[in-house]
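Letters A, B, ... are given to chains in the order of the sequence lines, protein chains preceding strands, and every chain is numbered from 1. Values below: all heavy atoms of this structure, side chains included; hydrogens, waters and symmetry mates excluded.
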Number of protein chains: 2
Amino acid sequence: MPPRTKRRTSIADVARLAEVSVGTVSNVLNRPDRVSPTTRERVEAAITELSFVRNGSARQLRAGTITTAGAIVLDVANPFFTDVARGIEDRLEEAGYTLMLASSDEDPDREARYLKLFEEHGVQGVMVVPSGPDIDHLRTLHDRGLRVVLLDRPSTDPALSSVAVDDRAGAAAAARHLIDLGHEHLAFLNGPHTIRQCADRSAGIHDALVEAGLDPATCLEEITITALNADGGQAGTERVLAMERRPTATLCVNDLTALGALRTLRAAEVPVPSGMAVVGYDDVTFAGELATPLTSVRQPMHALGYRAADLLLADDESAEQVVFQPELVVRESTTGTG
Amino acid sequence: MPPRTKRRTSIADVARLAEVSVGTVSNVLNRPDRVSPTTRERVEAAITELSFVRNGSARQLRAGTITTAGAIVLDVANPFFTDVARGIEDRLEEAGYTLMLASSDEDPDREARYLKLFEEHGVQGVMVVPSGPDIDHLRTLHDRGLRVVLLDRPSTDPALSSVAVDDRAGAAAAARHLIDLGHEHLAFLNGPHTIRQCADRSAGIHDALVEAGLDPATCLEEITITALNADGGQAGTERVLAMERRPTATLCVNDLTALGALRTLRAAEVPVPSGMAVVGYDDVTFAGELATPLTSVRQPMHALGYRAADLLLADDESAEQVVFQPELVVRESTTGTG
DNA sequence: TGGAGGCGTTGAAACGATTCATCGCGCGTC
DNA sequence: GACGCGCGATGAATCGTTTCAACGCCTCCA
């Protein structure tokens, strides 16, 4: 790409045309009340005439700070993160701030590159879904004076703020719902416990079982799937259906997995929910639009982002750990007549 | 939010600590080969010691230009646009550029605000899904030296580049597919023709019918729905089912509409596709995962974004109008045995 | 031994907006 | 008529980096 050749018109050009000093032009732009109406009009005319646009870099260099925040999520194409981003954007918008958004692809190097870029550009703070378990680099950033808010992950460092969703409670609510419906033998299609969300959701299901006086050892079949999508759901469900003592309900680690489960059950002509109840997680947009509308755990994604931005904009310097409670959305895949 | 109090360490602080001049520090940062190894090491040590971070504003002010581009889409929470954004990001990444992403919510004021912000920050160019039919403001931007690329909309101004998808051809392909399967009486659940995409898709269906020697006046029932979502699809399908001479296939303006159509057909116990074939548009992620996998028209969203960024980065100044061809993805909702 | 040439470093100018101490002018007051 | 006051306008200093002409030093060669 060729460099931008045309020199941008500067405040000096405007001043020359309006026959005033640069200071006056600056005053027209920033404190119009301190300028007499006649000069102001002349300056404004010159601005439109030259179609002058302020140079943000110079402005910011002098001011030392800007009304911009950065956010790094794992993947901008994932509906979960876009809803979060939307919440962030809405809160920043209220405060007159703007957002620089980037995705790290779970690559710590990419994350580091974007963090550096953001810092160089003088953002007020950053909201980050960390790519790895290590958050020392974020602490360093905080020590250098940036506001740092962790997204979708409780902070292990008390100096850093965070917003997260209580996965354990969400999974417990889902399991409790099934137990209330009379199910006493559950399957759980889950990812590896190295992923924090997976471990937490597993723990939540255990909680609900124990609370109901059921023994997880005999009442829960946790099946580890590698792909947390429809194919993983299909593979897991096939294993569930092959069991000698077949569970009566299947919990899925997310809605895509549940989609695969429903597909497999249909193929095997197992009615839902009478032959097998199914619960998803995330409550993605299409969960309610499926052939069998899916009971799912809704995460307050928008609120998550909104609150994160709120913490970033907070007046005091203290860190805060916010945990949201998810909400069970009951649909026909557990309570229907099929 | 309190202003960042700590003054950032500057290149001068580093120079002082390393006992060299500022010019040398700058050289270490930008052309390390021109600095002797011993001084370089001393400077690098000072940089780490002070955890110095370059001030992007000053850098950019001096350089006059930066490796950043802006993009404005209608809604970052819409999967179509996030896939496009992803394509943009991938192409920019290759060139070492970064992206500032924002959504306009179809609000021309919001769009204008972000454009101003981007320009003030000296982006090389912007990629925009225009909020309204008017693109004069984008032409103005172009005249001021920014690269402008229109997204998902052919440019009416030959000076501006654009990338779009051929909606007419996509709809024609879908209709042709149905005609090839022997359908001679089609329903089309469409939005108002004031939306360019809707008008184009309608035209495409007409093309296919005429081409096959069928008369659109008798062979096509175009039903205008107000909500382009599942509810709209349901309402439209109910009207189709109530027709005296019932069409044998339904084309839907997008996949969500098709979802509503499928739901309604299931409730009315009309088998798909033997009682009614259904085609969607967009090929969203879950289209293939439905109870009846949906035949749909896939838009090359990633490629759309990738190419847009490509045009933005192009070496020459000439504008280019790129039109992508969509691809029909055939699934069981038209060719199944149900 | 004097000069040429090259390498590494220096220091100041420049980018463009903001800020603030200062100045000029007109008007009212004594 | 002299003085003070206040409103507006001024312009130089400033932010932190990059760039570049100039300079000092060393080496090599005649």
Side-chain angles (χ1 to χ4, degrees), chain A residues 3-44 46-47 50-67 116-117 119-122 144-145, chain B residues 3-44 46-47 50-67 116-117 119-122 144-145:
Chain A
R4 298 245 316 259
T5 44
K6 292 171 196 159
R7 205 176 58 79
R8 288 167 65 166
T9 60
S10 82
I11 214 175
D13 299 325
V14 175
R16 209 170 305 125
L17 181 60
E19 295 178 316
V20 294
S21 74
V22 290
T24 303
V25 177
S26 179
N27 277 334
V28 170
L29 292 169
N30 301 304
R31 317 183 197 65
D33 49 304
R34 294 202 194 161
V35 181
S36 75
T38 53
T39 16
R40 194 193 319 156
E41 271 168 36
R42 226 170 51 241
V43 172
E44 278 165 355
I47 288 178
L50 297 171
S51 68
F52 162 75
V53 176
R54 276 223 273 285
N55 182 323
S57 309
R59 180 178 167 72
Q60 179 185 340
L61 171 59
R62 186 63 235 259
T65 184
I66 45 165
T67 55
K116 188 175 174 199
L117 183 90
E119 188 179 10
E120 287 189 0
H121 277 74
R144 243 180 276 139
Chain B
R4 299 245 315 260
T5 44
K6 293 171 196 160
R7 204 176 60 78
R8 289 166 66 168
T9 60
S10 81
I11 216 174
D13 299 325
V14 175
R16 209 170 303 125
L17 180 62
E19 296 178 315
V20 295
S21 74
V22 291
T24 303
V25 177
S26 178
N27 277 335
V28 170
L29 292 169
N30 301 303
R31 315 185 200 66
D33 49 305
R34 295 203 193 162
V35 181
S36 76
T38 53
T39 6
R40 194 193 319 158
E41 271 168 36
R42 228 171 48 242
V43 172
E44 278 166 354
I47 288 177
L50 299 171
S51 68
F52 162 75
V53 176
R54 277 224 271 291
N55 182 322
S57 310
R59 179 180 169 69
Q60 180 183 340
L61 171 60
R62 186 59 237 253
T65 183
I66 46 167
T67 56
K116 186 173 176 203
L117 182 92
E119 189 180 8
E120 285 189 1
H121 276 73
R144 245 182 272 136

Rounding to an integer number of Å, can you tell me how far [X] [atom1] sits from [N] [atom2]?
X	N	atom1	atom2	answer
B/Arg54	D/dT19	CZ	C1'	14 Å
A/Glu120	D/dT17	CD	P	10 Å
B/Glu19	C/dG11	CD	P	13 Å

Exercise. What's the spacing between A/His121 NE2 and B/Arg54 CZ if we round to 0.5 Å?
Worked result: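 Interatomic distance, A/His121 NE2 to B/Arg54 CZ, rounded to 0.5 Å: 11.0 Å.
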Exercise. How long is the gap from CG on A/Leu50 to OG on A/Ser10, to the nearest 0.5 Å?
Worked result: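 It comes to 9.5 Å.
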Exercise. With nearest nucleotides of DNA chain C determined for B/Ala58 and B/Gly23 from heavy-atom distances, which residue corresponds to the more 5′ nucleotide?
Worked result: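 First, find each residue's nearest nucleotide; the 5'-ward one identifies B/Gly23.
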For [N], take OP1 and OP2 only and decide whether either is under 4.0 Å from a side-chain N or O of [X].
X	N	answer
A/Thr39	D/dA9	yes
A/Arg34	D/dG8	no
B/Arg59	D/dT18	yes
A/Ser36	D/dA9	yes
B/Ser10	D/dG16	no

Problem set entry | Evaluation steps, side chain to side chain contact (heavy atoms under 4.5 Å, CB included), between B/Arg42 and B/Thr39 | CA-CA 5 Å; B/Arg42 228 171 48 242; B/Thr39 6; 3.8 Å; yes
For this session: Go through the steps to decide whether A/Arg62 and B/Leu61 satisfy the test side chain to side chain contact (heavy atoms under 4.5 Å, CB included), and finish with yes or no.
Result: CA-CA 11 Å; A/Arg62 186 63 235 259; B/Leu61 171 60; over 6 Å; no
For this session: Please evaluate the base of D/dT17 for a donor-acceptor partner in the side chain of B/Arg62 within a cut-off of under 3.5 Å?
Result: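 Answer no: no donor N or O sits under 3.5 Å from an acceptor.
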Problem set entry | Minimum-distance nucleotide (side-chain atoms of A/Asn55 versus C/dT18, C/dA17, D/dT18) |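 Minimum distance to the A/Asn55 side chain belongs to C/dA17.
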For this session: Between C/dT10, C/dG16, D/dT10, spot the one nearest the side chain of A/Val20, thanks.
Result: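 My answer, after comparing the listed nucleotides, is D/dT10.
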Exercise. Which of residues 24-31 of chain A have a heavy atom under 4.0 Å from DNA chain C?
Worked result: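 Nucleic-acid contacts, sorted: A/Ser26, A/Asn30, A/Arg31.
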Exercise. In a check of side chain to side chain contact (heavy atoms under 4.5 Å, CB included) between A/Ile47 and each of A/Ile11, A/Thr9, A/Leu17, A/Val14, which one passes?
Worked result: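 The single option meeting the side chain to side chain contact (heavy atoms under 4.5 Å, CB included) with A/Ile47 is A/Val14.
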Exercise. Does the side chain to side chain contact (heavy atoms under 4.5 Å, CB included) test come out yes or no for A/Val35 and A/Val43, once each step is laid out?
Worked result: CA-CA 10 Å; A/Val35 181; A/Val43 172; 5.9 Å; no
For this session: For A/Val22 and for A/Pro37, locate the closest nucleotide of DNA chain D by heavy-atom distance; then report the residue assigned to the nucleotide nearer the 5' terminus.
Result: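 Looking at the nearest nucleotide for each, A/Pro37 comes out on the 5' side.
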Problem set entry | Qualifying residue for side chain to side chain donor-acceptor pair (under 3.5 Å) with B/Ser57, from A/Glu120, A/Arg59, A/Gln60 |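 Result: among A/Glu120, A/Arg59, A/Gln60, A/Gln60 is the only option passing the side chain to side chain donor-acceptor pair (under 3.5 Å) with B/Ser57.
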